2 protein chains.
Amino acid sequence: MTHSPDSGSSLPAGYRTAPFAEDCAPRKLLRLFSAKWVTMILHALHLSGGGSRPGQLLRNLPGLSKKMMTQTLRDLEAKGLVSRHVMAEAPPVVEYRLTALGQCLIEPLEQLYGWGVEHAHILDRID
Amino acid sequence: MTHSPDSGSSLPAGYRTAPFAEDCAPRKLLRLFSAKWVTMILHALHLSGGGSRPGQLLRNLPGLSKKMMTQTLRDLEAKGLVSRHVMAEAPPVVEYRLTALGQCLIEPLEQLYGWGVEHAHILDRID
DNA sequence: CTGCATCCTGGGCGATACTG
DNA sequence: CAGTATCGCCCAGGATGCAG
């Protein structure tokens with residue numbers, strides 16, 4: 001018998017997991033973005049043309065601690081969103097760049113950022 | 001002398017606060033959305049045509065506890081994103097509805113949800 | 001400059017039990 | 001059914017210090 005491509009379950013179009021499940025696609029995205037510094041770092045890298053050095057980032061993002069920066073970068077690296085490049089050794093020169101995957105995630109992020117900027121007057125009332 | 005409308009500071013177009021500041025518009029939005037149940041509840045209300053009863057919500061969102069539901073709803077209410085309507089008294093019948101402001105925030109949320117669904121294959125690699 | 005380890009606190013959030 | 005109050009866990013994330 002012919003059965004639908006999505007393993008036979010009846011889910012809303014496009015979904016491969018229940019739309020309200022903890023692990024539904026949208027939630028994954030939001031969970032990623034909800035880490036305090038993830039979006040800022042992605043955005044900063046993006047604005048720097050896709051790559052930036054740690055010191056640079058630290059200076060660009062007031063409030064960001066060295067610990068959280070490294071930690072967040074490691075996390076993003078593990079997820080394949082940024083890549084680490086060592087250029088020299090003494091003194092160490094490092095640069096982090098957005099991977100193709102990272103560039104991809106920039107899209108919805110910038111959309112959201114854009115919306116936020118455009119509707120700043122609204123956001124003033126929710127925080 | 002004529003001065004620019006945005007109080008004279010030199011910020012990127014559209015911004016009224018530094019793009020990297022903790023309280024920049026995009027960050028406010030992300031902070032709101034990062035609360036564990038906010039987006040799910042907004043989304044659920046949206047799908048229910050803008051209004052829903054507590055029990056309904058509880059049943060629709062597996063994993064959501066009564067406490068967190070109420071707490072989140074109270075929070076959203078305080079921010080003017082949902083409104084509370086008591087219909088009867090015994091037994092109590094209550095309905096929560098999205099306000100105009102709430103409807104407004106649905107826009108970027110649904111965008112993000114849409115993007116997430118469309119790129120589920122990518123999201124599988126980040127979580 | 002870059003990066004890791006350690007200590008510590010706040011509060012988000014879940015479980016449970018009780019009122020009307 | 002709707003809502004509140006309490007207890008307690010867990011961990012994100014900030015501060016500080018050391019190492020290459």
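Letters A, B, ... mirror the listed sequences (proteins, then strands); counts begin at 1. Everything numeric here is computed off the predicted structure, so don't read it as measured data.
The nearest whole Å value for the distance from the CG atom in B:L61 to the P atom in C:dC13 is 14 Å. The interatomic distance linking A:K36 (NZ) with D:dC11 (P) rounds to 19 Å, in whole Å. One can place CD of A:Q71 at 14 Å from P of C:dT6, the figure rounded to the nearest angstrom. As a whole-Å value, the separation of B:L73 CG from D:dC1 C1' is 15 Å. Per the geometry, CE belonging to B:M69 stands 19 Å off P belonging to C:dG12, to the nearest Å. Rounded to whole angstrom, the span from the CZ atom of B:R84 across to the P atom of D:dC1 amounts to 16 Å. In this structure, the CE atom of A:M87 is 17 Å from the P atom of C:dC1, given to the nearest Å. Put simply, CG on B:L64 is 14 Å from C1' on C:dA15, counting in whole angstrom units.
Checked against D:dG14, C:dC1, C:dG3, the side chain of A:R74 finds its nearest nucleotide in C:dG3. In this structure, of D:dG17, D:dG14, C:dG14, it is C:dG14 that holds the atom nearest to the side chain of B:W37. With D:dG13, C:dA15, C:dG3 as the candidates, the nucleotide lying closest to the side chain of B:K67 is C:dA15. Of the candidates C:dG3, C:dG14, D:dG3, the closest approach to any side-chain atom of B:M68 belongs to C:dG14. Of all nucleotides listed (D:dG17, D:dG3, C:dC13), D:dG3 comes nearest to the side chain of B:K66.
At distances below 3.5 Å, at least one donor-acceptor pair connects side-chain atoms of A:T99 with backbone N or O atoms of A:G80. The main-chain N or O of A:A44 is found under 3.5 Å from a side-chain atom of A:S48 such that the two form a donor-acceptor pair.
B:Q111 and A:W115 form no side-chain donor-acceptor contact under 3.5 Å, judged by distance and modelled atom types alone.
Residues A:F20 and B:L47 approach most closely at CZ-CD1, 3.9 Å, considering heavy atoms.
Rotation axes derived from the C1' atoms of the five outermost pairs at either end of the helix from C:dC1-D:dG20 to C:dG20-D:dC1 lie 30° apart, to the nearest 10°.
Where B:S34 and A:V86 meet DNA chain C, the nucleotide closest to each residue was compared, and A:V86 sits on the side nearer the 5' end.
Ring-centre distance between B:Y113 and B:H43: below the 6.0 Å cut-off.
A:P92 comes within 4.0 angstrom of a nucleotide base, judged by non-hydrogen atoms across all strands.
Applying side chain to side chain donor-acceptor pair (under 3.5 Å) to B:D127 and the options A:K28, A:R31, A:R27 leaves one that passes, A:R31.
Listed by first and then second residue, the salt bridge (Lys or Arg N to Asp or Glu O under 4.0 Å) pairs involving residues 74-83 of chain B are B:R74-B:E77, B:D75-B:K79 (not counting sequence neighbours).
In this model, the phosphate group of D:dC1 is not approached by any side-chain N or O of B:R53 to a distance below 4.0 Å at OP1 or OP2.
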